2 protein chains.
Amino acid sequence: MLAHVRSGKNGAVTSIERSLDPSVAELLKRDAAGLVTAVIQQWDTREVLMVGWMDDEALRRTLTSGRTTFYSRSRGEYWVKGETSGHWQWVKEVRLDCDGDTLLVSVDADGAACHTGDRTCFDARVLPLSRGGVAR
Amino acid sequence: MLAHVRSGKNGAVTSIERSLDPSVAELLKRDAAGLVTAVIQQWDTREVLMVGWMDDEALRRTLTSGRTTFYSRSRGEYWVKGETSGHWQWVKEVRLDCDGDTLLVSVDADGAACHTGDRTCFDARVLPLSRGGVAR
């Protein structure tokens, strides 16, 4: 299905698809809300930056726009990482796991991933291990 | 609340807690099924190995046993990674994200993380990018 049109570099009008590629869509195992989990990882340092949620449309936008796009469960709307902060996440690779319910998105992040200003959403809180970590 | 007892190295009986530490439990923002997302990352290579789900009890077992324990949404039961495959994940650190709904568990993995035998659950499928990756 075709929807939007945009001008290419040479001025020609190019059609882009409105729906997620059916060959990708058929691989997804969505939850009851139609979402899959998206783990966002910095491509070179391999830091896990954040985890968000995508439905088919958010994944389509992520795959076609080059920037991560999520679906907010609390707000019920799409959001592009960086649209308010300027901290874009430029997509380098998207992988799907064996179950089809989780994406691993490799990105090059501009600045902080966390809304708190931290580099990652996991910087602030370490939970206590009762046995002091690795048991061997 | 105390439940199990076990023998310490010196033969003394040691009590361990049955419930998740309340100071941890109060930080969690669980989904409708009582679960949080758990991203499992190899501590040294920083590969994202897999994503699973934990409720309070699975997290308690992960923090206290030194091995990752998950709650299976499909089977409705707890499972310890490695209990059938021998591919244990030894817990080195557990972090909670800013929202309280996702854990990042740093582990030292024995062998394959994926039930297919792959090193990670993300090895097999790369999704096509329509714009060829990074746009800048």
Side-chain angles (χ1 to χ4, degrees), chain A residues 16-17 21 23-24 27 31-33 37 39 41-43 45-48 50-51 59-60 62-67 73 88 90-104 106-108 110 114-116 118 120-136, chain B residues 16-17 21 23-24 27 31-33 37 39 41-43 45-48 50-51 59-60 62-67 73 88 90-104 106-108 110 114-116 118 120-136:
Chain A
I16 59 173
E17 292 181 7
D21 181 340
S23 69
V24 172
L27 300 176
D31 70 9
T37 309
V39 178
Q41 184 176 35
Q42 174 67 24
W43 75 280
T45 64
R46 292 188 157 185
E47 294 162 285
V48 175
M50 57 175 283
V51 169
L59 176 56
R60 185 194 70 75
T62 297
L63 292 170
T64 59
S65 73
R67 301 180 191 186
R73 296 175 296 178
W88 309 102
W90 303 91
V91 177
K92 294 185 76 76
E93 188 181 71
V94 180
R95 290 176 172 270
L96 182 65
D97 80 340
C98 55
D99 292 331
D101 63 3
T102 305
L103 300 161
L104 179 60
S106 179
V107 304
D108 193 9
D110 283 338
C114 188
H115 71 283
T116 63
D118 283 345
T120 90
C121 292
F122 299 95
D123 285 4
R125 298 194 281 197
V126 180
L127 302 186
L129 300 178
S130 301
R131 293 183 56 190
V134 175
R136 59 172 174 179
Chain B
I16 60 172
E17 292 181 7
D21 181 340
S23 68
V24 173
L27 301 175
D31 70 9
T37 308
V39 179
Q41 184 176 35
Q42 173 66 23
W43 75 281
T45 64
R46 291 189 157 185
E47 294 162 285
V48 175
M50 57 174 282
V51 168
L59 176 56
R60 185 193 69 76
T62 297
L63 292 170
T64 59
S65 74
R67 301 182 190 186
R73 296 176 297 177
W88 309 102
W90 302 91
V91 178
K92 294 185 76 77
E93 188 181 70
V94 180
R95 290 177 172 271
L96 182 65
D97 81 339
C98 55
D99 292 330
D101 63 3
T102 305
L103 300 162
L104 179 60
S106 180
V107 304
D108 193 8
D110 283 337
C114 188
H115 71 284
T116 64
D118 284 344
T120 90
C121 292
F122 299 96
D123 285 4
R125 298 194 282 198
V126 180
L127 303 186
L129 300 178
S130 301
R131 292 181 58 189
V134 175
R136 59 176 175 179

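So that the names make sense, note that chain A is the first sequence line, chain B the second, and so on, each numbered from 1. Quick caveat: nothing in here was measured; it's all calculated off a predicted structure.
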Expected output: side-chain B:Gln41 to main-chain A:Arg46 donor-acceptor under 3.5 Å: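 Between the backbone of A:Arg46 and the side chain of B:Gln41 there is a qualifying donor-acceptor contact (under 3.5 Å).
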Using atom types as modelled and distance alone, determine if a side-chain donor or acceptor of A:Arg95 lies under 3.5 Å from a backbone N or O of B:Phe122. yes
Rounded to the nearest 0.5 Å, what's the gap from CG on A:Asp31 to CZ on B:Arg73? Could you check? 7.0 Å
Nearest-0.5 Å distance, CG of residue A:Asp123 to SG of residue B:Cys98: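 One finds 9.5 Å between CG of A:Asp123 and SG of B:Cys98.
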Using a 4.5 Å cut-off on heavy atoms from C-beta on, say whether the side chain of [Y] contacts that of [X].
X	Y	answer
B:Val24	A:Pro128	yes
B:Leu104	A:Glu47	no
B:Val39	A:Val51	yes
B:Leu59	A:Leu127	yes
A:Glu93	B:Val126	yes
A:Val94	B:Arg125	no

By a 4.5 Å heavy-atom criterion (distance strictly below it), what part of A:Thr37 contacts chain B: side chain, backbone, both, or neither? side chain
Structural part of A:Arg67 lying under 4.5 Å from a heavy atom of chain B: neither
Checking heavy atoms, do the side chain of B:Asp99, its backbone, both or neither come under 4.5 Å from chain A? both
